Amino acid sequence: MNENRSTFTGKLGFVLTAAGSAVGLGNIWRFPYLAAKYGGGIFLLVYLILAVTFGFALMSAEIALGRKTGLSAIGAFRQLDKRFTWVGVLGAIVPFIITPYYSVIGGWVTKYFFAFVSGDAKASAGDAYFTDFIARPVEPILWFCIFIGLTALVVFLGVDKGIEKVSKFMMPVLVVLTLFVAIYSMCMPGAMEGVKYYLTPDFSKFSATTVLAAMGQLFYSMSLAMGIMITYGSYMKKDVNLESAVHQIEIFDTSIAFLAGMMIIPSVFAFSGGNEEALGKGPSLMFITLPKVFDSMAGGTIIGAVFFLLVLFAALTSSISLMETLVSILQDKLHWDRKVTTGAVLIFCILLGVPSSLGFGVWSGFSVANMSILDMFDFISNSVMMPVVAFMTCLVIGWIVGTKTITDEIELTGPFKSKKLFNVVIKYIAPVCIVLILVSSVLDVLGIAKI
Ligand code: PHE
């Protein structure tokens with residue numbers, strides 16, 4: 001382990017920072033709408049089971065790999081087995097693709113937060129507000145630059161003085177704000193119907209797709225298979241109990257996703273008079289439906305402002321983890337100074353983010369398989385590259401170098417309680433499931449078949 005590498009000050013800092021990465025836009029808009037679509041309680045149940053088995057094993061493997069080698073993805077895989085350096089390289093490319101477009105969406109969130117604070121809440125409930133906004137050539141790019149500039153600032157300050165400090169502040173605030181909005185939302189007249197819809201399992205909606213959707217969501221939500229957890233693991237001290245840290249991150253991530261459903265589903269139900277369709281709108285839920293919901297609520301401007309602030313915090317801590325991973329990969333390779341590296345990464349992200357933003361306006365004519373530029377980046381990274389990296393990670397650890405390499409690292413602080421489960425998941429269950437996700441998402445996008 002490199003003695004000069006920065007570290008988190010302790011377990012709390014590590015857990016809150018990793019949870020900061022995990023809790024993001026995925027938890028707040030994607031989870032509730034998937035849960036609503038795939039049978040409510042049954043989706044929750046499937047997700048929970050996958051989180052404590054599959055998610056647990058993969059996250060432990062990545063963090064332990066980072067801590068063992070003291071390196072980010074590329075170096076870590078090289079150290080495991082030179083022939084598989086390419087897996088690290090592939091994993092390292094993923095955040096290079098995601099950071100720019102994730103920050104474009106982060107820019108939208110920043111804009112909405114300011115709209116609510118500056119008294120523009122009513123306008124934001126207008127039908128064409130969102131589509132007009134993202135189609136403009138300059139304004140969304142400015143918000144994107146503000147968002148990514150803030151991200152870079154924190155990364156610039158370093159692991160303990162920037163990232164950990166910000167997470168220790170933002171994550172607890174996020175929990176409090178989420179609870180507040182969820183309770184408020186549940187108290188609205190007609191909201192209980194939504195709570196019932198969210199929590200009651202509808203077994204008729206259960207199918208293989210439910211499991212695949214839950215697994216795809218789990219990957220994204222826990223920031224797996226893109227080198228982030230390897231990088232964060234490399235900053236973890238050897239005396240921190242890794243197993244319990246992973247459990248805490250999972251609990252954090254899953255609870256916020258669950259509560260996001262409690263914020264969104266009851267209020268949308270109350271607003272739409274129990275019409276489930278309002279929930280099925282996917283991406284537009286957060287930027288089109290919710291402002292209308294807030295507009296109809298007593299005190300909606302305040303609740304809306306609080307809501308977008310908490311989404312902003314969630315998105316920021318995630319984009320920080322993405323950018324930190326980029327900086328760490330480049331630093332390991334080029335040995336540049338952190339500040340210079342951060343500057344270079346910032347310029348790269350701006351250059352790559354601009355086309356994603358323009359793809360909704362002046363460049364909307366450009367599309368591949370019916371996807372906008374942003375959706376295309378999202379598809380390549382999340383649906384193709386991440387499953388490949390996750391599959392190869394399981395293969396290299398489970399079959400080439402052996403799970404003992406990882407379990408020994410976890411056992412540095414005492415017995416690894418879920419060792420058997422870990423071995424079985426990494427060697428057998430995860431690789432099979434991952435291949436299924438990969439095949440189904442590719443077929444889905446190509447429009448060939450829906451499993
Ligand atoms: N885990 C984050 C979420 O749930 C998303 C994310 C993906 C964050 C990739 C960082 C990197 O939104």
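As a basis for the values below, the full set of heavy atoms in this structure was taken, side chains included, without hydrogen atoms, waters or symmetry mates. FYI, the numbering just counts along the sequence from 1. Order of listing sets the numbers, starting from 1, for every ligand and every atom in it. Treat the numbers as computed from the prediction; the structure is a model and nothing was measured.
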Assess whether side-chain contact (heavy atoms from CB on, under 4.5 Å) is satisfied between Trp86 and Met392, documenting all intermediate values. CA-CA 10 Å; Trp86 66 270; Met392 287 306 303; 3.6 Å; yes
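Taking the six-membered ring where the residue is Trp, Tyr112 and Phe308 present tilted rings, their angle falling between 30° and 60°.
Within the 3.5 Å criterion, the main-chain N or O of Leu80 finds no donor-acceptor partner in the side chain of Thr405. Judged purely by atom type and a 3.5 angstrom limit, Asn382 uses its side chain to pair as donor or acceptor with the backbone of Asp378. The main-chain N or O of Val354 is never found under 3.5 Å from a side-chain atom of Ser357 such that the two would form a donor-acceptor pair.
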Could you list each nitrogen or oxygen of ligand 1 that sits under 3.5 Å from a protein nitrogen or oxygen, with the atom names and the distance?
{"unit_1": "ligand 1", "atom_1": "1 (N)", "unit_2": "Ser21", "atom_2": "O", "d": "3.3"}
{"unit_1": "ligand 1", "atom_1": "1 (N)", "unit_2": "Ala22", "atom_2": "O", "d": "2.9"}
{"unit_1": "ligand 1", "atom_1": "1 (N)", "unit_2": "Tyr220", "atom_2": "O", "d": "2.9"}
{"unit_1": "ligand 1", "atom_1": "1 (N)", "unit_2": "Ser221", "atom_2": "O", "d": "3.0"}
{"unit_1": "ligand 1", "atom_1": "1 (N)", "unit_2": "Ser223", "atom_2": "OG", "d": "3.1"}
{"unit_1": "ligand 1", "atom_1": "4 (O)", "unit_2": "Ala22", "atom_2": "O", "d": "3.0"}
{"unit_1": "ligand 1", "atom_1": "4 (O)", "unit_2": "Asn27", "atom_2": "OD1", "d": "2.9"}
{"unit_1": "ligand 1", "atom_1": "12 (O)", "unit_2": "Leu25", "atom_2": "N", "d": "3.0"}
{"unit_1": "ligand 1", "atom_1": "12 (O)", "unit_2": "Gly26", "atom_2": "N", "d": "2.6"}
{"unit_1": "ligand 1", "atom_1": "12 (O)", "unit_2": "Tyr102", "atom_2": "OH", "d": "3.2"}

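Under the 4.0 Å criterion applied to side-chain N and carboxylate O atoms, Glu324 and Arg338 are assigned as salt-bridge partners.
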